[in-house]
Amino acid sequence: MNWLDEVKWDDKGLVAAIAQDAASGRVLMVAWMNRDSLALTAETGVAHYWSRSRGKLWKKGEDSGHLQTVKELRLDCDGDVVVMQIEQAGGIACHTGRESCFYRRFDSARQDWVVVDAVLKDPDAIYRKD
């Protein structure tokens, strides 16, 4: 059996993928992978995802330079989530210029989401405008 056959792909051929900082353990982002992107990630050691909005493969950091070097791949017990221990180039995983996509925390007293992480770099300075 091929190792990719052990993944339980959803009805669109996708699996949730969590990128976790290998040093700090912080969850940096969650995205989707298809069979090709997971195979490419394993082959190259650089995170590749499936963009549902663009309908294509994308290498994390291909525009920003913030590549994710994969140190370890894990599959959960149900086979429907992949967790990657990664080294995040530039310390920025989020397209908003923050370390993590999880930069808002729920404040129960206010009953609202509060931004708790600073922008490390202006997104306009990260992404080129063609």
Side-chain angles (χ1 to χ4, degrees):
M1 174 185 264
N2 183 309
W3 65 274
L4 290 165
D5 294 334
E6 295 184 43
V7 177
K8 291 186 183 166
W9 308 99
D10 72 8
D11 60 347
K12 295 180 178 125
L14 302 174
V15 66
I18 300 167
Q20 184 177 28
D21 186 277
S24 71
R26 183 167 189 199
V27 174
L28 300 179
M29 59 179 276
V30 176
W32 296 95
M33 291 182 150
N34 66 5
R35 191 178 185 96
D36 291 340
S37 62
L38 183 54
L40 198 54
T41 295
E43 177 185 326
T44 65
V46 175
H48 288 74
Y49 300 100
W50 176 257
S51 172
R52 295 180 301 169
S53 60
R54 294 179 281 175
K56 68 174 196 163
L57 285 171
W58 61 283
K59 177 170 67 173
K60 175 65 178 164
E62 64 190 358
D63 291 329
S64 66
H66 299 142
L67 298 174
Q68 293 178 340
T69 302
V70 179
K71 299 300 180 183
E72 181 178 82
L73 279 172
R74 289 186 180 230
L75 184 64
D76 82 326
C77 58
D78 294 323
D80 59 2
V81 178
V82 171
V83 175
M84 296 177 293
Q85 299 293 315
I86 60 105
E87 283 183 3
Q88 180 64 61
I92 297 172
C94 186
H95 74 282
T96 66
R98 292 177 173 89
E99 175 190 17
S100 171
C101 295
F102 296 93
Y103 61 87
R104 294 176 281 196
R105 180 174 55 217
F106 184 70
D107 183 320
S108 59
R110 292 173 47 180
Q111 290 292 296
D112 199 5
W113 297 105
V114 178
V115 173
V116 294
D117 292 349
V119 173
L120 301 176
K121 190 170 185 181
D122 183 342
D124 289 338
I126 296 172
Y127 300 101
R128 61 181 181 253
K129 306 289 186 214
D130 293 336

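Fair warning: this is a prediction, and the values are worked out from it, not measured in the lab.
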What residues, two or more places apart in sequence or in another chain, satisfy side chain to side chain contact (heavy atoms under 4.5 Å, CB included) together with Ala42?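 By the side chain to side chain contact (heavy atoms under 4.5 Å, CB included) rule, Ala42 matches Trp3, Leu73.
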
Output all residues satisfying side chain to side chain contact (heavy atoms under 4.5 Å, CB included) with Ser108, sequence neighbours left out; order by chain, then residue number.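 With neighbours one apart ignored, the set is Phe106, Gln111.
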
Distance (rounded to the nearest 0.5 Å) between Leu75 CG and Glu6 CD: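 The CD atom of Glu6 is 7.5 Å from CG of Leu75, to the nearest 0.5 Å.
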
Measuring from atom CG of Leu57 to atom CD of Glu62, what distance do you get when rounded to the nearest 0.5 angstrom?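 The distance works out to 9.5 Å.
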
So, for Ala39 and Leu4, which heavy atoms are closest and what is the spacing to 0.1 Å?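 Heavy-atom minimum between the residues: CB-CD1, 3.9 Å.
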
Which atom of Val27 lies closest to which atom of Ser100, heavy atoms considered: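 The pair with the smallest heavy-atom distance is O-OG, 2.8 Å.
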
List, by chain and number, the other hydrophobic cluster members for [X], where Ile, Leu, Val, Met, Phe, Trp and Tyr join if side-chain heavy atoms come within less than 4.5 Å, directly or indirectly.
X      : answer
Val114 : Val116
Tyr103 : Val115
Val46  : Leu67

Closer than 3.5 angstrom, by distance alone: can the side chain of Lys60 be matched with the main-chain N or O of Ala93 as a donor-acceptor pair?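 Yes, the answer is positive, given that a donor and an acceptor are paired below the 3.5 Å cut-off.
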
Name all pairs fulfilling the ring-ring contact (aromatic ring centres under 6.0 Å, His included) condition that reach into residues 8-49, sequence neighbours left out, sorted by first residue then second.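 Only Tyr49-Trp58 qualify under ring-ring contact (aromatic ring centres under 6.0 Å, His included).
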
I need the full list of salt bridge (Lys or Arg N to Asp or Glu O under 4.0 Å) pairs touching residues 19-44, with sequence neighbours left out, sorted by first then second residue.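 Salt bridge (Lys or Arg N to Asp or Glu O under 4.0 Å) check on residues 19-44 returns Asp5-Arg35, Arg26-Glu99, Arg26-Asp117.
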
Please tell me whether [X] and [Y] are part of a single hydrophobic cluster in this structure, the criterion being side-chain heavy atoms less than 4.5 Å apart.
X      : Y      : result
Ile126 : Leu120 : yes
Trp50  : Val7   : no
Leu40  : Leu14  : no

So, using side-chain hydrogen bond (donor to acceptor under 3.5 Å, both in side chains) as the criterion, who are the partners of [X] when residues are at least two apart?
X     : value
Arg74 : Glu72
Arg54 : Ser51
Ser37 : Asn34
Thr69 : none

Under 4.5 Å between any side-chain heavy atoms of Ile18 and Val30, yes or no?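 Yes. Closest side-chain heavy atoms under 4.5 Å.
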
Check: residues 77-90 side-chain donor-acceptor pairs under 3.5 Å, at least two apart:
residue: Gln85; atom: NE2; partner: Gln20; partner atom: OE1; Å: 2.5
residue: Gln88; atom: OE1; partner: Gln68; partner atom: NE2; Å: 2.8
residue: Gln88; atom: NE2; partner: His66; partner atom: O; Å: 2.9
residue: Gln88; atom: NE2; partner: Ile92; partner atom: O; Å: 3.0

